[in-house]
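Hydrogens, waters and symmetry mates are skipped; everything else that's a heavy atom, side chains included, is used. For clarity, every value in this text was computed on a predicted model and none was experimentally measured. Positions are given from 1 along the sequence.
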Amino acid sequence: NRTNVVFGTVGGAMGCVAPLEENTYRRLQELTKQLARMLYHSAGLNPDSFRRQQHLPNLPPRHNAPTAMLDGELLWCFTQLEVPVQFEVAKSISTTREQLMSNLRELTLSMSPASVVIQARS
């Protein structure tokens with residue numbers, strides 16, 4: 001039984017936090033790192049640096065900042081790559097394109113509104 005958290009931001013964006021199996025998380029984390037290195041980013045903003053916590057001068061640094069979060073927007077860029085590039089990226093992180101596509105499909109289905117309703121009724 002898994003629970004997803006759907007949330008809205010002050011800026012009007014929506015997000016979702018969903019649990020993953022450890023192996024899936026590690027695989028998608030490697031994919032995120034590889035995509036962050038190889039893709040061109042808008043305005044030169046590296047997704048990792050952009051989301052890194054900034055310390056304000058008058059406040060002590062927080063040591064409990066979450067690091068086990070994946071960037072879904074970056075992950076879905078993988079599906080937009082040309083198929084030969086997808087094979088190359090998958091090979092570079094020691095997995096297969098099919099495995100990555102399967103993981104992304106499972107993640108998409110787990111976050112769909114229908115699965116949230118079904119889980120709530122169970």
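- Atom CD of Glu22 has more than 12 heavy atoms from other residues, nucleotides or ligands within 6.0 Å.
- A distance of 8.5 Å separates CG in Asn4 from CG in Leu107, rounded to the nearest 0.5 Å.
- Note: Arg26 CZ to Ile93 CD1 = 13.5 Å, rounded to the nearest 0.5 Å.
- Rounding to the nearest 0.5 Å places CD of Glu88 at 6.5 Å from CE of Met38.
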Report task. Kindly determine whether Arg27 and Glu30 satisfy salt bridge (charged side-chain N to carboxylate O under 4.0 Å, His left out), including the steps that lead there. Result -> CA-CA 5 Å; Arg27 189 176 304 114; Glu30 289 301 316; over 6 Å; no

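- Interatomic distance, CG of Leu100 versus CD of Gln34, reported as 11.0 Å (0.5 Å rounding).
- Expressed to the nearest 0.5 Å, how far CG of Leu70 lies from CG of Leu20 amounts to 6.5 Å.
- Tested against Leu28 for a side chain to side chain contact (heavy atoms under 4.5 Å, CB included), the candidates Thr95, Leu74, Leu104, Asn23 yield a single pass: Leu104.
- Gln86 pairs by the side-chain hydrogen bond (donor to acceptor under 3.5 Å, both in side chains) definition with Arg97, not counting sequence neighbours.
- Tested against Phe78, the residues Leu39, Leu35, Thr32 include a single side chain to side chain contact (heavy atoms under 4.5 Å, CB included) partner, Leu35.
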